[in-house]
Amino acid sequence: MRWLLFLSRIAFLCGLFFLLAISLLIRDWANNDAIVSTIIIIGTLIGAVAVPLVNTCYLIVLFWKRELQSFVPAWLIGANMLFLVVFGFYLYLQNA
């Protein structure tokens, strides 16, 4: 189950980049266009795939009646679930 820990870490980093991308929408604090485009691509495109995938894997592991916290730390699980809620809220606001 080390793959789940690895994917959880990737999803966490993508979630952080998503928050940075949201902050770039509010205020353009980065002067370099290459950095801005990298943050937006990692945060929105890769994060839109990684975060729901990891949370789906969490559900699959829980359905197998295994203890999820023995594979992934509880704070990482909570953070990835929080990022999924933020993604959902963002998508709702974009399509409303």
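Just so you know, these numbers come straight off a predicted model, no measurement behind them. Scope of the values below: all heavy atoms of this structure, side chains included, with no hydrogens, waters or symmetry mates.
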Got a sec, which hydrophobics cluster with F89, joining ILVMFWY side chains under 4.5 Å apart, including via others?
Y92, L93
All heavy atoms of P73 vs all of L5, minimum pair found to be CD-CD1, 3.8 Å
Out of curiosity, N80 CG to N55 CG, how far, rounded to the nearest 0.5 Å?
6.0 Å
So SG of C14 and CG of L53: to nearest 0.5 Å the spacing works out to 11.0 Å
Answer yes or no: are there more than 12 heavy-atom neighbours, outside W64 itself, under 6.0 Å from its atom CH2?
no
Drop me the distance from D33's CG to T38's OG1, to the nearest 0.5 angstrom.
10.5 Å
Between A11 and A50 the two heavy atoms that sit nearest each other are CB-O, 4.0 Å
Determine whether more than 12 heavy atoms belonging to other residues, nucleotides or ligands lie under 6.0 Å from atom CZ of F17.
no
Distance col, row I40:CD1 vs L25:CG, nearest 0.5 angstrom, shows 6.5 Å
Does the side chain of Y90 come under 3.5 Å of the side chain of T44 through a donor N or O and an acceptor N or O?
no
Looking at residues at least two apart in the chain, or sitting in another chain, which of them share a ring-ring contact (aromatic ring centres under 6.0 Å, His included) with F83?
F12
From I42 CD1 over to L13 CG, what is the distance, rounded to the nearest 0.5 angstrom?
9.0 Å
Residue N31 excluded, over 12 heavy atoms near CG under 6.0 Å
no
Taking only residues two or more places apart in sequence, or in another chain, which ones meet I41 in a side-chain contact (heavy atoms from CB on, under 4.5 Å)?
L45
Provide the closest heavy-atom pair for Y58 versus S8 in the form atom of the first, atom of the second, distance.
OH-OG, 2.7 Å
To the nearest 0.5 angstrom, please state how far the SG atom of C57 sits from the CG atom of L68.
10.0 Å
Between L84 and L91, is there a shared hydrophobic cluster once you connect ILVMFWY residues whose side-chain heavy atoms come closer than 4.5 Å?
no
